[in-house]
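Report on one structure; see the data block that follows.
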Amino acid sequence: MAAPVGPVKFWKPGTEGPGVSVSEERQSPAESSSISVIYNPYASLSIEQQRQKLPIFKLRNHILYLVENYQTLVLIGETGCGKSTQIPQYLAEAGWAAEGRVVGVTQPRRVAAVSIAGRVADERGAVLGHEVGYCIRFDDCTDSQATRIKFLTDGMLVREMMADPLLTRYSVLMLDEAHERTLYTDIAIGLLRKIQKKRGDLRLIVASATLDAEKFKNFFNQNDTGDPSKDTSVILTVEGRTFPVDIFYIQSPVPDYVKSTVETAMKIHQMENDGDILAFLTGQEEVETVVSMLIEQARALSRTGMKKHLRVLPMYAGLPSPEQMKVFERVSHNVRKVVVATNVAETSITVRGIVFVIDCGFVKLRAYNPKTAIECLVVVPVSKASANQRAGRAGRNRSGKCYRLYTEEDFEKLPKSTVPEMQRSNLAPVILQLKALGIDNVLRFPFLSPPPAQSMVQALELLYALGVPSCKGGFCFRHSVLGSLSKLGTRTFTVAQKHVARMNSQPKPPGEMEREGLDMHCRLTEPLGMRIAEFPLNPMFAKMLLESGNFGCSQEILTIAAMMQIQNIFVIPPNQKSQAARRHRKFAVEEGDHLTMLNVYEAFVKHSKSSQWCQEHFLNYKGLVRASVVREQLKKLLVRFKVPKKSSEGDPDPVLRCIVSGFFANAAKFHSTGAYRTIRDDQELHIHPTSVLYAEKPPRWVVYNEVIQTAKYYMRDVTAVESAWLLELAPHFYQQVAVQDQHKAQTHLSLTAKRAKVGDQ
DNA sequence: TGGAAGTTA
């Protein structure tokens, strides 16, 4: 009996698929260690000859001319054209890196910065770290004297501006992958526009794969004369070296794309010749479901005597790395590989040999609700740009096919590109960074895509509560916030007006203002605000760290802060769930997740940071190593700020109180309804199933690091606290109120937030 | 009962 072939029906539109393919210069370390053999027609040529074969080589002089004559060049470089590796070399060869100047290239991801730098160093016969270098967090591989071409993450570029606001060392900066519109790329874009106004000699190349070029060009164009010949920015398109991808759409919408993915993969396997399959889904759970369904069907098919076998592999960021590496392994000729992946395979990881792509048409994205200050993950339709990027994964080595599990009509309805991260994030860290760079009036910052005004207000409010900026200063706040917001519409204006009125109604005693270092001009406060901004962390973590000396537990808090930056410390293999849970339970303490993580780390250190020990206890070894690196970095900052090195010697109370001093705004109380409610917004919350407090006797009061919304609102990283601590450590935020108990006709004391809700109208 | 993917001297 043949394995079931699903009812999925595709038709091919008359047009050929978009000829997109993956940039050949982006190789993750994982990929370069892969053993798959790729036919390279130019392998016998010298490096110089290979460079000249790249599509971009023909435009070398044209590019140099445009960089010479325009402040900003927007480069539509199709993948595979060689822009990331070649342009910096052209610039250096043309003298842009002479006299101690540097050509900088930014990347959204660390691995890309490192691997492209390595490639360029190879091409130039240079030792990595001399003429060509890279700089990412924890790894500065540059020589301040010798480095002429520097690759760095865009987050690192923003950090560099703190030390050198005009980036004086750089003659040219290339922002690569700008179309991805990550948070840091967008911050860098706004800052660079400001820098260009002060530094006419700084050249900018904005490299983008899609057609956002006009937007970039207009944003950077400083010509306000209306005469196009005076434009300061210009667009250039470079063709890529690509293979065509045929696109197939489904005839009528499918009710269940998970099932359809399985059916389509099986159909490809039975009908098509050689070539591996890559399927895009939205999350880990879907990936695992499809993997197990495919394995089952492939087994059934093998029993019927089909000679070609299927090797089904999951791929998502949370997958332990030995499992991830399997997708790069070569398979024998009678085996077809199916990689079932999340969006990680769209930009970050490139699997070679993919000929068939299955696109479910959806993606899981972060969304931010400025009203409740809660970030959540939502499954939404992909954008056209994303869908084309996915399709391009099939055309890397030879022509391929992409099966879209939606109709062509639905494709036409998709948004052109994904909403920039800036418009769907919590802005507190962004605003903090901008303020640290001396941008006091963040509402007038030149955002390429301005975030919602309410997100701004929410972020300012949190920063104020932490004692960071002096947004309570009255006139100044009215001027800077209201002045700018009023242009954005009446509703926003009303929100901000209420906000300011409330702030002004709560004057602070002078002593307190000094203690928090408030500044009447809405600048970052000295020293607290500036210090908080120096930490590469969410401001709540930074505040907690800076307070840790006062609680006599900086050692413990350093560990906790570092551990909280790492995801998936507990490893749970699907086939050893109960065994893993048993091991994990040994670390759990009744106080909650923070102290549990402290236990894990201390045990890790006690066992000499052994990977063997981690494996036995189902702990993420790489994650723990990373935590210890982060801890070292944070420790250096505490030393610099003269926070005393102290340990509470096993006493949990100082540690818990210190956590409250940073996370007091995230407090919730357990109600008789069986759920928690936030104190500030009365928002219903639940303990996340990954918390050690899940399914335990719920503590009456808790603080949490963050809330994520899936089926319900879940608190992650939860710790039990006492209400008295909240009142004592955040008296400006909470007050005690008498509450009438409905059932017992008694009153008892409870807490409410002093601040009213923003935008509650 | 369940988080996508990134990032910070």
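Labels below follow one simple rule: chain letters A, B, ... track the order of the sequence lines, proteins then strands, and each chain is numbered from 1. All heavy atoms count here, side chains included; hydrogens, waters and symmetry mates do not.
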Give R716(A) one of three labels, base, sugar-phosphate or nothing, depending on what nucleic acid heavy atoms sit under 4.0 Å from its own. base
Nearest whole Å is fine: how far is dT8(B) C1' from L191(A) CG? 14 Å
Please report the distance, rounded to the nearest Å, between CG in N568(A) and C1' in dA4(B). 11 Å
For the residue pair S383(A) and T418(A), confirm or rule out a side-chain donor-acceptor distance under 3.5 Å. yes
So Y316(A), base contact, sugar-phosphate only, or nothing? Heavy-atom distance under 4.0 Å. sugar-phosphate
With the side chain defined as heavy atoms from C-beta on, P536(A) is closest, among dT8(B), dA4(B), dA5(B), to dT8(B)
Of the candidate nucleotides dT7(B), dA4(B), dG2(B), which contains the atom at the shortest distance from the side chain of P689(A)? dG2(B)
Here the distance between atom C1' of dA4(B) and atom CG of L281(A), to the nearest Å, is 13 Å
Output yes when at least one side-chain N/O atom of R366(A) is less than 4.0 Å from OP1 or OP2 of dG6(B), else no. no
is_close_aromatic(F362(A), Y257(A)), centroid dist under 6.0 Å: yes
Taking any heavy-atom pair under 4.0 Å as a contact, classify Y714(A): base, sugar-phosphate, or nothing. sugar-phosphate
Rounded to whole angstrom units, what separation is found between the CZ atom of F541(A) and the C1' atom of dT8(B)? 14 Å
Could you check how far CD of E706(A) sits from C1' of dA4(B), rounded to whole Å? 13 Å
Using only atom types and a distance under 3.5 Å, with no angle test, would you say the side chain of N620(A) pairs donor to acceptor with the backbone of N568(A)? yes
Result for 5'-nearest mapping on DNA chain B, choosing between A317(A) and M162(A), is A317(A)
Looking at the rings of F663(A) and F541(A), which for Trp means the six-membered one, are their centres under 6.0 Å apart? yes
Please walk me through it: do T673(A) and H671(A) pass side chain to side chain donor-acceptor pair (under 3.5 Å)? CA-CA 5 Å; T673(A) 55; H671(A) 280 249; 5.5 Å; no
Within the pair T153(A) and dG6(B), is there a side-chain N or O less than 4.0 Å away from OP1 or OP2? no
Protein-nucleotide distance (K364(A), atom NZ; dG6(B), atom P), rounded to Å: 15 Å
Pairwise 5' ranking along DNA chain B for Q433(A) and L365(A), keeping only the more 5' one: L365(A)
Whole-Å gap separating P (dT7(B)) and CG (N426(A)): 19 Å
Can you tell me if the side-chain N/O atoms of T690(A) get under 4.0 Å from OP1 or OP2 in dT1(B)? no
Using a cut-off of 4.0 Å on non-hydrogen atoms, how would the nucleic acid contact of Q567(A) be classed: base, sugar-phosphate, or nothing? nothing
dG2(B), dT1(B), dT8(B): which one has an atom nearest the side-chain heavy atoms of I572(A)? dG2(B)
Atom-pair distance (CG on L685(A); P on dG2(B)), nearest Å: 15 Å
Does S348(A) place a side-chain N or O at less than 4.0 Å from the phosphate oxygens OP1/OP2 of dG6(B)? yes
Give one of base, sugar-phosphate or nothing for E285(A), where a contact means two heavy atoms less than 4.0 Å apart. nothing
Please identify which of these residues, D717(A), N705(A), T559(A), meets the side-chain hydrogen bond (donor to acceptor under 3.5 Å, both in side chains) condition with H594(A). N705(A)
